Amino acid sequence: MSLHARGHVFLVDDNPDIRYYLADLLKKMGYTIEQYADATEFLRQSMDVSPAVLVLDVRMPGMSGVELQTRLAGLGRHTPIIFISGESQTQEIIQAMKGGAIEFLWKPFQIQTLIDAIDRGLALDEQRRDVFIRTVNMRRKISELSAREKQVFLLMLQGQGNKGIGEILNIQADTIKKHRANILQKMQAHQLADLMLMSKGMDIACMLQQQDLPD
């Protein structure tokens, strides 16, 4: 699916007047739109694309918006959700926000308020996608390291020099240098600073531990 640079909006609302009005307005503002009359139709037909936002009615026949939110979480779909509602119980609002909704808007709402929420959600989804891609790439590169190289890699990230790594692992300095060179090559990094930047915000120790677990 080819998406406009401004981002993609899924719109799920059983009220056709609201759905068509919002869809037409958002299209004119540069978003790409998919609209659905109910949650079941959305689950059956939509694809998990990114960056995207789900504008979701709370009260609908059949599956409610909050129930759809729970289903999506179980499927591993984490598209940011903006709930819109004409009437809702306090418990529904609490459940929606606990489920990670980024906004809850009461009908009728100001269009600019919706736009602000959509843009915030798109930025969040793009950030999540970037983190996911970085994590997948990091796991792939780490899988190419030998067991010893993984140990040296972690110590490098902890700021240990060749002497410190050698003392901790009880291996010679020349061997450490070879390991460092192999690590930089396999991780596609020119120097330690590149490795540090590549690993920023990631729990490398946890990744290494998970890869060492038996199948």
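Computed from a predicted model, the values in this text were never measured in an experiment.
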| field | Step-by-step side chain to side chain contact (heavy atoms under 4.5 Å, CB included) determination, V12 to V55 | value | CA-CA 6 Å; V12 183; V55 178; over 6 Å; no

| task | Is it possible for you to say whether L145 and I168 belong to one hydrophobic cluster, with membership spreading through side-chain heavy-atom contacts below 4.5 Å? | result | yes

| Rounded distance [0.5 Å steps], CD in Q69 versus CE in M63 | 12.5 Å

| Gap separating the CE atom of M187 from the CD atom of E149, nearest 0.5 angstrom | 10.5 Å

| For L11 and A23, which heavy atoms make the closest approach, and how far apart are they? | CD2-N, 3.8 Å

| message | Give me the atom names and distance for the closest heavy-atom approach of A189 to D194. | response | CB-CB, 3.7 Å

| R134 and D130 ion-paired at < 4.0 Å | no

| message | More than 12 heavy atoms of other residues, nucleotides or ligands under 6.0 Å from CD of E67: yes or no? | response | yes

| Within the side chain of S143, is there an N or O that forms a donor-acceptor pair under 3.5 Å with the backbone of R140? | yes

| Inter-residue atom distance F153.CZ - L184.CG, 0.5 Å rounding | 9.5 Å

| message | Quick one, V53 with H8, criterion side chain to side chain contact (heavy atoms under 4.5 Å, CB included). Give me CA distance, side-chain angles, the key distance, then yes/no. | response | CA-CA 6 Å; V53 168; H8 192 66; over 6 Å; no

| note | Tightest non-hydrogen contact, residues M207 and M138, listed as SD-CG, 3.6 Å

| message | Show the nearest heavy-atom pair for residues A52 and T79, with the distance to one decimal. | response | O-CG2, 3.5 Å

| task | Measure from the side-chain N and O atoms of T70 to the backbone N and O of V66, and report whether any donor-acceptor pair falls under 3.5 Å. | result | yes

| said: Are H179 and I171 packed together at the side-chain level, in the sense that at least one heavy-atom pair is separated by less than 4.5 angstrom? | reply: yes

| hydrophobic_cluster_shared for L75 and F132, side chain cutoff 4.5 Å | no

| request: Might you point out which heavy atoms bring R19 and Y36 nearest each other, and give the distance in Å? | output: CD-O, 3.3 Å

| task | Using the side chain to side chain contact (heavy atoms under 4.5 Å, CB included) rule, take R120 and E103 through it: C-alpha gap first, then chi angles, then the decisive distance, then the call. | result | CA-CA 10 Å; R120 189 167 71 252; E103 188 63 86; 3.2 Å; yes

| CD1 on I133 to OG on S50, rounded to 0.5 Å | 8.0 Å

| field | R148, CZ atom: more than 12 neighbouring heavy atoms under 6.0 Å | value | yes

| Is the closest basic N to carboxylate O distance between R6 and D119 below 4.0 Å? | yes

| query | Is a side-chain donor or acceptor of K186 paired with a backbone partner of E144 at a separation under 3.5 angstrom? | reply | yes

| Hey, any chance L197 and M202 share a hydrophobic cluster, counting ILVMFWY side chains that come within less than 4.5 Å of each other, even indirectly? | no

| Between Y20 and N15, a side-chain donor and acceptor under 3.5 Å | no

| query | Going through the distances and angles, do I81 and I102 end up as a side chain to side chain contact (heavy atoms under 4.5 Å, CB included)? | reply | CA-CA 6 Å; I81 296 176; I102 63 170; over 6 Å; no

| field | Side-chain touch F83/L105, heavy atoms, less than 4.5 angstrom | value | no

| remark: Applying side chain to side chain donor-acceptor pair (under 3.5 Å) to K107 and not counting sequence neighbours gives D13, D57

| If every non-hydrogen atom of P61 is compared with every non-hydrogen atom of D14, which pair is closest and at what distance? | CD-OD2, 3.5 Å

| Are the charged groups of E41 and R44 less than 4.0 angstrom apart, N to O? | no

| Going from CG on L25 to CD1 on I115, what distance comes out if it is rounded to the nearest 0.5 angstrom? | 6.0 Å

| message | Are more than 12 heavy atoms, taken from residues, nucleotides or ligands other than Q158, located less than 6.0 Å from that residue's CD atom? | response | yes

| message | Tell me whether the count of non-hydrogen atoms from other residues, nucleotides or ligands lying under 6.0 Å of CD in Q110 goes above 12. | response | no

| task | Give a yes or no on whether M47 and F42 share a hydrophobic cluster (residues Ile, Leu, Val, Met, Phe, Trp, Tyr; joining criterion: side-chain heavy atoms under 4.5 Å apart). | result | yes

| message | Whether the R77 and S46 side chains hold a donor-acceptor pair (N or O, under 3.5 Å, no angle test) is what I'd like checked. | response | yes

| query | Just wondering, do I183 and L195 contact through their side chains at under 4.5 Å, heavy atoms? | reply | yes

| query | Would you say S64's side chain and M60's backbone share a donor-acceptor pair under 3.5 angstrom? | reply | no

| query | Are Y21 and I82 linked, directly or through other ILVMFWY residues, by side chains that come within less than 4.5 angstrom of each other? | reply | yes

| field | Atom pair CD (Q191) and CZ (R180), whose distance is rounded to the nearest 0.5 Å | value | 11.0 Å

